[in-house]
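Every chain is numbered from 1 and lettered A, B, ... according to where its sequence line falls, protein lines coming before strand lines. The model shown is predicted, which means the values in this text are computed figures rather than measured ones. The analysis underlying the following values was restricted to heavy atoms, covering all of them including side chains, and did not include hydrogens, waters or symmetry mates.
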Amino acid sequence: MISFDKVSKQYISGQYALAGVSFEIAKGQMAFVTGHSGAGKSTLLKLILATEKCSSGNVVVNGTDLNHIPRREIPSFRRRIGMVFQDHQLLNDRSVADNVALPLDISGFSRRDALRRVRAALDKVGLLSKEKQFPAALSGGEQQRVGIARAVVNRPSIILADEPTGNLDPELSMETMEVFEQFKNVGVSLLIASHDISLINRMEYRTLILKGGTLIDDTGLGELS
Amino acid sequence: MSDKASSKRRHENPSNFIKLLRSHRKDALKSLTRMFFSPLSSTMTVIVIAAALLLPSLLFAFNTNITALLGEFQNNARIVLYLTRDTSDTQALQVSNNLLTSSVIDSVDFISNEEALLSFSDAAGFSQIVADFDANPLPASIVITPNLAGLAGLDQLAASLDQMPEVELVQVDSLWLRRLAAISELIGLAARVLGLIVLLSLCFIIGNTVRSHIENRRDEIKIIKLFGGTHSYIARPFLYTGLFYGLLGGLLASLLQALIFLSFRDPLNEIFSLYDSSFTLPLLAPAMLITLAFSGASIGWLAAIISAYRYVNAIIT
């Protein structure tokens, strides 16, 4: 599903955001990637989403070698990945249902089919009753769940989440993780970037620990300090 | 499999073409809705486009009508052959008959020197002076109505008639027609140059409007790109925005031009009738309306393509 082989990312300034990182995430596997600010978590997600290219090494996602992906094929590649952002990135002039429908709209679904899938996704995150509301009327936790519904509505094979619990209280954070687990159980691979150590410890999933762009630990379970 | 089942399957798995049509319909509606929700700026933009289109369009229409008028005057042009003094009336009539056999001559009218003198005497009120003449000073003449279009053909015919031994002088009353034709050509040239300037200006105006729409939706575009939106998916609503601005501007320009024509029609027709012309200024022709609307829409679409290509691609995710 996701394969990093000695991947490095060096910026024009000469600074390395990632240095020789290697790991693999299998189908249906859920993993965290953690580390301090500037450790390279976001860069790692950007490389998987093909918003940036690595300087050296190989990144293969869903069988696609991202070092050699033609620019015109990047949109269709991204449609197979669901992304959850820390700041939700919802469109404030669209209703909850329209926000969740965005990936389906991009994929060319008819309004009727899209609505059916949107309702199913909103039901899964417990927000079906709020489909007609606008993001501004929702709490932070609800907005995050809308973001998750949007990420999963197109039935992606991979979900990437960048600090998905960054703005949530511990209870909502656990609820969000439970939603992610549901997708893991149906074969979706998840990579969650987070610096919430206590949450990662509670979840007991594989954790990649980055420090200064280097992968310093790839534990099977949590128990981080 | 029954037709009903097959129809249901088609509905659930539409072809890419149907998907594309749906997408275009939705984007067009989205674009119109956005324009509708910013009525002031949309109206201002449409008015600016209409004003820009109106000027060259009026010049084109003016030139077209002058050309039509010129054609009518050319059809009414006459060539007068003044005959030599030693040409008898019998010879002159023979010449007239010979001229009538030519395909480029519609009719001929022989005026003997006596008829010319009588006409001069009656028309000018010089009967006393004419009575004092020892001999008739006026020559016989043949007035020819040519069956030709264009001043060049008229000149060619006059030159060939001038070669006839019975002809002393050929007079073609075409100087003012030439002046009018030159003015018409100048107006046509001005309209073309102005049209080009307006084309560039409209590209800039519409392109800038589309750029501003793109900038206003920069965050949305970034998110759409992250979820796999293609350039065409992102740009399409903006292309429709350009198209609608141009189309509405073209239609408004047509309406304004029709109103201008309507207000000028009666006074101009009065002038034409004073010149014994049957020409009347037409109201705006449907072809002109379609041309204006189509031109506006095309320029809008083109400007939007350029702007969207440039600014959507510049938004990096």
Pick one of side chain, backbone, both or neither for [X], based on which atoms fall under 4.5 Å of a heavy atom in chain A.
| X | result |
| --- | --- |
| B:Leu20 | neither |
| B:Thr230 | both |
| B:Lys26 | side chain |

Roughly how far apart are [X] [atom1] and [Y] [atom2], rounded to 0.5 Å?
| X | Y | atom1 | atom2 | result |
| --- | --- | --- | --- | --- |
| A:Leu49 | B:Lys225 | CG | NZ | 13.0 Å |
| A:Leu91 | B:Ile223 | CG | CD1 | 4.5 Å |
| A:Gln89 | B:Glu220 | CD | CD | 12.0 Å |

Counting only heavy atoms from other residues, nucleotides and ligands, does the tally under 6.0 Å from [atom1] of [X] exceed 12?
| X | atom1 | answer |
| --- | --- | --- |
| B:Glu185 | CD | no |
| A:Lys6 | NZ | no |
| B:Phe204 | CZ | no |
| A:Gln15 | CD | no |
| A:His36 | NE2 | no |
| B:Phe62 | CZ | no |

Search all heavy atoms of [X] against all heavy atoms of [Y] and return the closest pair with its distance.
| X | Y | value |
| --- | --- | --- |
| A:Ala151 | B:Phe227 | CA-CE2, 4.3 Å |
| B:Leu226 | A:Arg78 | O-CD, 3.7 Å |
| B:Arg22 | A:Ser110 | NH1-CB, 3.0 Å |

- Task: Identify which part of A:Arg94 has an atom lying under 4.5 Å from any heavy atom of chain B, answering side chain, backbone, both or neither.
- Result: side chain

- Query: Under a 4.5 Å heavy-atom cut-off, does chain B meet the side chain of A:Phe85, its backbone, both or neither?
  - Reply: side chain

- Checking salt bridge (Lys or Arg N to Asp or Glu O under 4.0 Å) for the pair B:Arg217/A:Asp93: CA distance, chi angles, key distance, verdict? CA-CA 11 Å; B:Arg217 311 199 83 81; A:Asp93 60 345; 2.6 Å; yes

